[in-house]
Asker: 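Attaching a single structure in structure tokens format; questions to follow.
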Amino acid sequence: MQDEYRTVARAGVHETEVNRSRFLCALAPAATEQEAQDFIATVRKEHADASHNCWAYVIGADASVQKASDDGEPGGTAGVPMLQMLLRRDMRYVVAVVTRYFGGVKLGAGGLIRAYGGAVGEALDTLGTRTRRRFRLATVTVDHQRAGKLENDLRTGGREVRDVRYGEAVTIDIALPDADVDAFRAWLADATAGTARFEPGGEAYGDA
């Protein structure tokens, strides 16, 4: 797994105009290829009267899925430059759809490449990006007497507390950067006089 990746901060639309043609770039986070395709379908339906709805998406922290479409524009002048812009900005789990309303002036291949790639770049600048980092999920089990202070110490120390469950003992689900696991074990033993149990789990991504 990649240690971190960047994605778009939120879904949104940014419009630019090039030689009287309108270019509307819709961006959205997409956890799966199906989510990306559903978003494309929604935009195409919304702008069914547009000249073109070109798209590109990158799925996977390692960019394992990359797809693009020119939607009727000359080959390689729309979807590919959009995809290249996403990759150049190290974007992952993201889908972009650029809707073009033709304004009567032909842009030529170079003009189209600049317009479609530029629309994605401007949209990313406007909507913003965020970094997601890989975390180790873990469970800490502690007695009721120490649980309140431990939970408070975790939160004030900037640790991500995902869930707290009360039973015979108290179970606290946390997420840690992989590099911090050994130091955290030592801190936990010290903070609870060795009474807490630490169980590492799987991996997940969270905001850095």
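Keep in mind that this is a model prediction, so the values were computed, not measured.
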Asker: Might you work through the side-chain contact (heavy atoms from CB on, under 4.5 Å) test for R92 and R132, ending with a clear yes or no?
Answerer: CA-CA 10 Å; R92 305 290 187 264; R132 305 273 288 169; over 6 Å; no

Asker: Nearest 0.5 Å please: distance from the CD atom of E33 over to the CG atom of D38.
Answerer: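 One finds 11.0 Å between CD of E33 and CG of D38.
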
Asker: Tell me whether I40 shares a hydrophobic cluster with I59, the cluster being built from Ile, Leu, Val, Met, Phe, Trp, Tyr side chains joined at under 4.5 Å.
Answerer: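 Same hydrophobic cluster.
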
Asker: Closest approach of A50 and T99, non-hydrogen atoms and distance?
Answerer: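 Closest approach of A50 to T99, heavy atoms only: CB-CG2, 3.3 Å.
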
Asker: Which atom names give the shortest non-hydrogen contact between R10 and P29, and what distance separates them?
Answerer: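 Minimum heavy-atom separation between R10 and P29: C-CD, 4.2 Å.
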
Asker: About how many Å separate CD1 of I172 and CZ of R159, when rounded to the nearest 0.5 Å?
Answerer: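 Taking CZ in R159 and CD1 in I172, the distance rounds to 13.0 Å.
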
Asker: Assess the residue pair R89 and D125 against the criterion (side-chain contact (heavy atoms from CB on, under 4.5 Å)); give the C-alpha distance rounded to whole Å, side-chain angles, the decisive distance to 0.1 Å, and a yes or no.
Answerer: CA-CA 10 Å; R89 297 288 190 93; D125 292 339; 3.0 Å; yes

Asker: Do T7 side-chain atoms and Y93 backbone N/O form a donor-acceptor pair below 3.5 Å?
Answerer: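 Yes, because the side chain of T7 sits within donor-acceptor range (under 3.5 Å) of the backbone of Y93.
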
Asker: Looking at every non-hydrogen atom in both residues, tell me the closest pair between G76 and D70 and how far apart they are.
Answerer: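 Reported closest heavy-atom pair: N-OD2, 2.8 Å.
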
Asker: Side-chain heavy atoms nearer than 4.5 Å, only ILVMFWY residues, links allowed to pass through others: does that put Y101 and V43 together?
Answerer: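 No; V43 is not reachable from Y101 via cluster members.
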
Asker: Hydrophobic clustering (ILVMFWY, side-chain heavy atoms < 4.5 Å, transitive) - are V97 and V80 grouped together?
Answerer: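 No: no chain of side-chain contacts under 4.5 Å links V80 to V97.
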
Asker: Is D153 paired with R146 through a side-chain N to carboxylate O contact shorter than 4.0 Å?
Answerer: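 Salt bridge: no.
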
Asker: To check you understand the geometry: which heavy-atom pair defines the closest contact between L188 and T192, and what is its length?
Answerer: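 Heavy atoms only, the tightest pair is O-OG1, 2.8 Å.
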
Asker: Are F184 and F198 close enough that their ring centres sit under 6.0 Å apart?
Answerer: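 Ring centres of F198 and F184 closer than 6.0 Å.
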
Asker: Between C25 and A119, what is the shortest heavy-atom contact and its length?
Answerer: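 For C25 versus A119, the nearest heavy atoms are CB-O, 3.6 Å.
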
Asker: What distance do T16 atom OG1 and R22 atom CZ have between them, rounded to the nearest 0.5 Å?
Answerer: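 Between T16 OG1 and R22 CZ, I get 10.0 Å after rounding to 0.5 Å.
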
Asker: Is it true that a side-chain atom of S21 and a backbone atom of G103 form a donor plus acceptor pair closer than 3.5 Å?
Answerer: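 Yes; judged by distance alone, with no hydrogens or angles, the pair exists.
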
Asker: Under the side chain to side chain donor-acceptor pair (under 3.5 Å) rule, collect the residues that match up with T139, sequence neighbours excluded.
Answerer: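 For T139, the residues satisfying side chain to side chain donor-acceptor pair (under 3.5 Å) (neighbours in sequence not counted) are D173.
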
Asker: Using a 3.5 Å distance criterion without hydrogens, assess whether the side chain of S51 forms a donor-acceptor pair with backbone atoms of F102.
Answerer: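 Checked: pair present.
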
Asker: My understanding is that a hydrophobic cluster links ILVMFWY residues whose side chain heavy atoms are under 4.5 Å apart, including indirect links. Using that, what else belongs to the cluster containing V58?
Answerer: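 Its cluster partners, ordered by chain and number, are V8, V18, F23, L27, M82, L83, M85, L86, L87, M91, V94, V98, L107, L112, Y116, V120, L124, L127.
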
Asker: Please lay out, stage by stage, how L137 and R162 fare under the test side-chain contact (heavy atoms from CB on, under 4.5 Å).
Answerer: CA-CA 9 Å; L137 301 178; R162 295 193 154 203; 3.5 Å; yes

Asker: Which value, rounded to the nearest 0.5 Å, describes the distance between R44 atom CZ and F39 atom CZ?
Answerer: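 Atom-to-atom, R44:CZ and F39:CZ are 13.0 Å apart.
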
Asker: What is the distance from atom CD of Q84 to atom CD of Q66, rounded to the nearest 0.5 Å?
Answerer: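 Reported value, rounded in 0.5 Å steps: 10.0 Å.
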
Asker: Spell out, yes or no, whether V181 and V142 are grouped together once hydrophobic residues are joined by side-chain heavy atoms under 4.5 Å, including indirect joins.
Answerer: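 Yes, one cluster joins them.
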
Asker: Starting at OG1 of T156, measure out to CD of E151 and round the result to the nearest 0.5 Å.
Answerer: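 Spacing of OG1 (T156) from CD (E151) equals 10.5 Å.
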
Asker: Could you tell me which non-hydrogen atom of A78 sits nearest to which non-hydrogen atom of C54, and how far apart they are?
Answerer: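 Scanning both residues completely, I find the closest heavy atoms to be CB-SG, 3.6 Å.
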
Asker: Does D71 use its side chain to pair, donor to acceptor, with the backbone of H52 at less than 3.5 Å?
Answerer: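 Judged by distance alone, no pair lies under 3.5 Å.
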
Asker: Checking the side chain of R165 only, and the main-chain atoms of V170 only, is there a donor and an acceptor separated by less than 3.5 Å?
Answerer: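 Side chain of R165 to backbone of V170: no pair is present.
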
Asker: Return yes when atom CZ of R114 has more than 12 non-hydrogen atoms of other residues, nucleotides or ligands closer than 6.0 Å, and no otherwise.
Answerer: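 Not buried by this count: 12 neighbours or fewer within 6.0 Å.
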
